[in-house]
Amino acid sequence: MEETARSDCTVTCSFKERGGLIVDIQSKVGSLYGNAIKDQVEEGCRALGVTDAVIHIVDQGALPFVLAARLEAAVKRGRPKISAEFLPGKQPARQTRGVKDRPRRSRLYLPGNEPKFMANAGLHRPDMVILDLEDSVAPSEKDKARFLVRNALRSVDFFDAERCVRINQGALGVEDLAMVVPQFPDVILVPKCEDADTVRSIADAIQKVEHEHHLSGETLILPIIESALGVVNAYAIASSSHRVCALAIGLEDYTADIGVERTEEGRESFYARMSVMTNAKAVGVQALDSVWSDVEDLDGLRRSTLEAKALGFDGKGCIHPRQIAVVHDAFKPTTAEVEKASQIVAAAEAARKSGLGVVSLGSKMIDAPVILRAHRILRMATFGVREEDPN
Amino acid sequence: MKQPVTFVKNAAGRLVPRSVNGARQMPFATVRGISPSGTTAGTPIRSSRDYPSDGNKVVKSLKDALRRSGIRDGMTISTHHHLRNGDTLTASLFRVVKELGVKGIRWFPSASFPCHEELIPYLESGVIHHIEGSMNGALGRFASGGNMSGVGVLRSHGTRYQSVQDGEVHIDIAVIAAPSADAFGNANGVWGNSACGPLGFALADSEYADRVIVVTDNLVPFPCVPWAIQGNNVDTVVVVPSLGDASKIVSGTTVVTKSPDRQLIADHVAHFAETAGIMKPGFSFQAGAGGTSLAFVLKLKERMKSKGVKARFVRGGSTKVLVDLLDEGLTDYILDGQAFDQTGVRSMRDDPRHIATSPFTSYNYHGKGNFASIVDLVVLGATEVDCNFNANVVTHSDGLLLHGIGGWQDCLFAKCTILAIPSFRDRIPVIVDRVTTLCGPGSLIDAVVTERGIAVNPLREDLVKAVRRSRLPLRSMEEIQREVLAICGGRPAKPVVDPKHPIAVVKWVDGTLLDTVYRVETR
């Protein structure tokens, strides 16, 4: 008997020839939600066309969207041909889809088969939440995770965070798309991306699902580069589709691919990081740095994030919510940066008003990219300003 | 056949029994309590001529001491929870009581722990008639099933002192576990293998019980100093090989929660304390040893350091987290009722700025004031809270009695009381329409801080005003409740309880009855 985790439930379904539906519930919240659980299971069986079966539930306080996913997975393991779906209630849509240029300072990875952290993930205010179907999900649990992630996209309020899904590689990933794209994720993360064709085929697959389901807006793509070949092809990958909103680098896999240890100093990956960043910027999309994997070491995370920012990255991966505030703080512009940016923008504005082609600040001439960067700093300053200098 | 219980509705709108275990009760009237009359309890006058002039009160065994104390059926025996989950003395005590053939004991502990599950056979066989004190975990479940012969009485630490002082509970025999004692009966909790910190919970018992037995596993030559318990109040001293499991008496290390949601709650509370102007030079606060509380202290500490604010005193239970504040000069004093880890015990023993307190000094409502109302900020937990800020701390939403009150009710009198709680646990909403058991009237609870936002009690217009224009996530209780009910899939069912069968009552700080806990239909 597998152990049922907190806030989760284990559902088993044995189909019968006759005898109707028998539902057996052992729930830690049984006296409070036992009837609600039974009603939901019966509703689910109706939706899925299950009439004769024995359904056992061991529940540790699963929320309704979790119960629905576990039930559907159990039913479809027994009867894979059932095409009907059992979809839980839907959150009102937020108007964030298809915006390529928005802050992506923090992206919080959530294991796709662990419901415990999903309901409250948005409260920690990451710029992106990533429901992961890939590395954090055991191969035997891929189907269960897919239902859970689909239901989370429908039911969980992630507040203003971009809602993202990291799909699997290859054919499994295309199956993932069919399940998740109809639930309006903002961004699809493509892991271990090595060439432009991979992105193009995923863009086509997304397009197909969007078309079939008459979806409005556009699902964006975030390729993650995690190998030497991917680094070499970074420019082609970034420019492969107009859906690409950023390039991310994954250093755990990259260092394994080149056959070295990942160090805190990161000399071994310096070229790769700079290459990914430069190629992303060459195409005009964002560059996102790898995760910091020591959750306890917040000072290390802060140093690493300040470095990433200084190198030109726009964001950092997070594997624990407590990392988010540290990352956001590190990405805040400093008072000195904001002051300088304000002067540049003011000078540009003055030049525009007086019809001058050339912008200057004091004795220095200001180029167009510098003005763009100044605007960008002022926009980032709306999230807060850091008083001290990075050093 | 038992007489049917008659109930009366109290001023909080709760039905409470007119009498409990044969004693007439007063229903709760107001938050500030009734005006008491009469005099406090006394003890029989004793004479030195009846005690050994060499000061040696050591007797050969606990059985001997109980016999000399005149133990008989129906007596009240008290114990204390400073050995926490490491206590093995209480189980030995009732083994001896049983061997002596005594029955019908009212057990009057200052609190119980999971280790006291061992006492269930004595409740079943009638050695113990009922418990007046917290019933945690297994004992609570046992009582909730209607299996205890009498009705449990739940009191806060302060109310326990009040009930003894006012003569409402007469203790026949107090058995005090002493990590260090001399043959005269002077005792403390800061030395020895079973060192636990202060012994304040046993103070009332040592002063008001007819007979006082000190049991120690560390007999030292006279004088045992400091004397947290004065030997002049002690009848006999018993030496045993061990009082309990030292590793469960205090923890070696103190663990701060890693739960991101609890960290978030802690962060909100600290942010609130600063924004509302509570965190100012010379302020004071109390937070428990639960994970969220410790996380709160650490978050507040960051803010204190960054603003250069120092506290005048902080209240224990102490842990390394509080001791660090003292060591780093962020507070002048720790006023401490219990020490939860070894650092806390060591600090109380070695640092004169770390002071032991008792329920008399800290909490007793029938005194000439107490410390609780002097504290600027207290951060507490709860199992449930309603939209009028009424809170429950003893039962769960399924009706089961699972926790004691501790100092919770007493602390509500602080200048600002905050409940730091998740808005739901697993699937169970913490914000409810009506609390299963009322333990704290909402008028004393100033803010509820959840991971989904902060609700300030509208009665506290000053606080509402102080934080109004801040960046705090301020919301109404109703708004948070709506959101949580949507997440949990609607309102939970009401627990199925037997309204004719009270299994415990909850006292208010003045000794009146605030609410009733009922038998839960087990299915």
Side-chain angles (χ1 to χ4, degrees), chain A residues 4-9 25-40 43 59-68 88-92 108 110 115-126 155-157 159 295-296 298 318-325 384 387-388, chain B residues 144 256-268 271 295 298-299 302 306 383-384 395-400 422-430 432-433 436 449-454 471 473 475 480 482-497 520-523:
Chain A
T4 307
R6 256 190 102 165
S7 310
D8 202 348
C9 64
I25 301 165
Q26 289 171 47
S27 171
K28 121 181 208 189
V29 300
S31 64
L32 300 168
Y33 283 106
N35 290 336
I37 293 171
K38 190 152 183 285
D39 289 348
Q40 201 189 356
E43 186 197 338
D59 172 47
Q60 292 289 343
L63 294 174
F65 81 92
V66 180
L67 179 66
K90 196 161 169 20
Q91 282 286 327
L108 177 65
L110 298 170
K116 193 167 71 174
F117 299 114
M118 290 180 180
N120 284 345
L123 294 173
H124 302 280
R125 305 288 167 185
S155 293
V156 177
D157 188 349
F159 302 98
V295 175
E296 291 297 312
L298 294 179
C318 299
I319 53 170
H320 192 284
R322 66 193 294 195
Q323 296 182 319
I324 294 166
E387 275 173 26
E388 84 275 37
Chain B
S144 283
V256 181
T257 182
K258 286 199 172 67
S259 151
D261 301 332
R262 282 165 198 274
Q263 289 266 358
L264 185 63
I265 294 169
D267 200 31
H268 285 335
H271 191 180
L298 290 174
K299 304 272 186 192
E302 283 171 27
S306 108
T383 56
E384 297 178 322
T395 53
H396 284 200
S397 297
D398 57 10
L400 285 175
S423 63
F424 64 100
R425 294 186 175 95
D426 294 324
R427 190 180 174 165
I428 304 169
V430 171
V432 296
D433 294 331
T436 306
V449 178
T450 75
E451 78 290 357
R452 293 182 175 266
I454 300 173
R471 295 176 65 176
R475 309 179 71 185
I480 303 174
R482 262 197 304 280
E483 188 170 302
V484 168
L485 288 178
I487 292 169
C488 296
R491 290 188 153 73
K494 296 261 180 297
V496 185
V497 298
V520 175
E521 302 284 356
T522 45
R523 42 177 93 185

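To find a chain, count down the sequence lines: A is the first, B the second, and so on, and within it residues start at 1.
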Next on the checklist: Please find the pair of heavy atoms, one from B:Asp398 and one from A:Ser31, that lie closest to each other, and give the distance.
Outcome noted: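 Shortest heavy-atom separation between B:Asp398 and A:Ser31 comes out as CB-OG, 3.1 Å.
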Item to check | Minimum-distance pair of heavy atoms, taken over all atoms of B:Gly489 and A:Tyr33 | outcome: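 The answer is O-CE2, 3.9 Å.
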Next on the checklist: Heavy-atom pairs under 4.5 Å with chain A - which of B:Glu483, B:Lys258, B:His396 has more of them than the others?
Outcome noted: B:Lys258
Item to check | Structural part of A:Ala62 lying under 4.5 Å from a heavy atom of chain B | outcome: backbone
Item to check | Segment of A:Gln60 engaging chain B (4.5 angstrom heavy-atom cut-off) | outcome: backbone
Checklist entry - What part of B:Arg452 is in contact with chain A, defined as an atom under 4.5 angstrom from a non-hydrogen atom: side chain, backbone, both or neither? => result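 Looking at B:Arg452, backbone and side chain both touch chain A.
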Next on the checklist: Using a 4.5 angstrom heavy-atom cutoff, name the option from A:Pro64, A:Ser27, A:Ser7, A:Pro321 with the most pairs to chain B.
Outcome noted: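 Option with the top pair count is A:Pro64.
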Item to check | Trace of the side-chain contact (heavy atoms from CB on, under 4.5 Å) decision for B:Asp261 with A:His124 | outcome: CA-CA 8 Å; B:Asp261 301 332; A:His124 302 280; 2.9 Å; yes
Checklist entry - Can you list the residues that meet the salt bridge (charged side-chain N to carboxylate O under 4.0 Å, His left out) rule with B:Asp426, with sequence neighbours excluded? => result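 Testing B:Asp426 for salt bridge (charged side-chain N to carboxylate O under 4.0 Å, His left out), a comparison that skips the adjacent residues, returns A:Arg6, A:Lys28.
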What is the distance from atom [atom1] of [X] to atom [atom2] of [Y], rounded to the nearest 0.5 Å?
| X | Y | atom1 | atom2 | answer |
| --- | --- | --- | --- | --- |
| B:Leu264 | A:Arg125 | CG | CZ | 9.0 Å |
| A:Cys9 | B:Arg427 | SG | CZ | 9.5 Å |
| B:Glu451 | A:Leu123 | CD | CG | 6.0 Å |
| B:Ile487 | A:Asn120 | CD1 | CG | 6.5 Å |

